[in-house]
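Just below is one structure, and these are the notes that go with it.
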Amino acid sequence: MIAKAPVPGRVKTRLTPPWTPQQAAVLAQAALTDTLETLTTVPAGRRLLVLDGEPGAWLPPGWQVVPQACGGLDERLAAAFAQAARLAPTAPALLVGMDTPQLTAPMLAEPLAAVRRAGVDAWYGPATDGGFWALGLARPTAQLARRLLLGVPMSSADTGATLLGRLAEAGLTVAHLPALTDVDTARDAREVASAVPHGRFAACLHALDRTPEVAG
């Protein structure tokens, strides 16, 4: 998983307004915590958090934390795969972001099960805004990750299409994961909270909506 520590002013800046930087950080922590807890229940040989910042009490047991590389998001994603390949050279690697607290364990456990992995070279999780929320490689290497990711325009409507084109050019057989909405804007946050109304993220959003800064 790749993430930023939930520090006010450094995360979820597109949520301000309507929320303050402190409130946006609270929502970011809720999304981060929900996603980490879900991923903790998915069978895996190793759980790696590639973090920009310092871990906090929100980090569950069983996760190894490594710092993010410098550079643009394309470079940091490629470096995360390179780190995973160094730690477990023969294992598949799936990279997930912190922006999809509606993620459920079956969305990953079923398509990544050993019986379903035969013949699959990569896993791709599309985001509804044209980006992607997950990318997996059956045989990750630093070279392959750089070939796939460097130069891909991030945070644009063409991000996912460009990445899919790179995967096709590399001759990889791709398994598609469900499309999910990234929490980038207030509208996204409300949509996701409605989809998972009993989660921590939804409870946090509804609590913030009752504060004077947002409601008033």
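Just the heavy atoms: all of them, side chains too, but no hydrogens, waters or symmetry mates, feed the values below.
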### Task
Check whether any side-chain heavy atom of Leu39 sits under 4.5 Å from a side-chain heavy atom of Leu108, and report yes or no.
yes

### Closest non-hydrogen atom pair between Ala109 and Pro43, with its separation
CB-CD, 4.1 Å

### Task
Provide the closest heavy-atom pair for Thr159 versus Val152 in the form atom of the first, atom of the second, distance.
O-CG1, 3.9 Å

#### Entry: Contact check, side chains of Met1 and Met98, non-hydrogen atoms, under 4.5 Å
yes

### Task
Determine the minimum heavy-atom distance between Trp19 and Leu208, stating which atoms define it.
NE1-CB, 3.9 Å

### Verdict with reasoning, Arg190 to Asp209, per salt bridge (charged side-chain N to carboxylate O under 4.0 Å, His left out)
CA-CA 10 Å; Arg190 298 191 191 285; Asp209 272 348; 2.6 Å; yes

### Query
Could you give the distance from OG1 (Thr38) to CE (Met107), rounded to the nearest 0.5 Å?
9.0 Å

### Query
Any side-chain heavy atom of Val65 within less than 4.5 Å of one from Leu59?
yes

### Query
Do Arg147 side-chain atoms and Arg166 backbone N/O form a donor-acceptor pair below 3.5 Å?
no

### Query
Is Arg200 atom CZ crowded by more than 12 heavy atoms from other residues, nucleotides or ligands, each under 6.0 Å away?
yes

### Task
Could you check if a side-chain atom of Asp184 sits within less than 4.5 angstrom of a side-chain atom of Lys12, using non-hydrogen atoms only?
yes

### Asp188 side-chain N/O to Val183 backbone N/O, donor-acceptor pair under 3.5 Å
no

### Message
To the nearest 0.5 Å, what is the distance between CG on Leu167 and CG on Leu144?
### Response
8.5 Å

### Query
Does some side-chain heavy atom of Leu148 sit less than 4.5 Å from a side-chain heavy atom of Leu172?
yes

### Name of the residue among Gln68, Arg10, Arg76 meeting side-chain hydrogen bond (donor to acceptor under 3.5 Å, both in side chains) with Asp52
Arg10

### Query
Nearest 0.5 Å, what's the CG-CG distance between Leu49 and Leu32?
7.0 Å

### Task
Check whether any side-chain N or O of Arg47 sits under 3.5 Å from a backbone N or O of Thr40 as a donor-acceptor pair, and report yes or no.
yes

### Query
Do the rings of Phe132 and Tyr124 sit parallel, tilted or perpendicular, given the 30° and 60° boundaries?
tilted

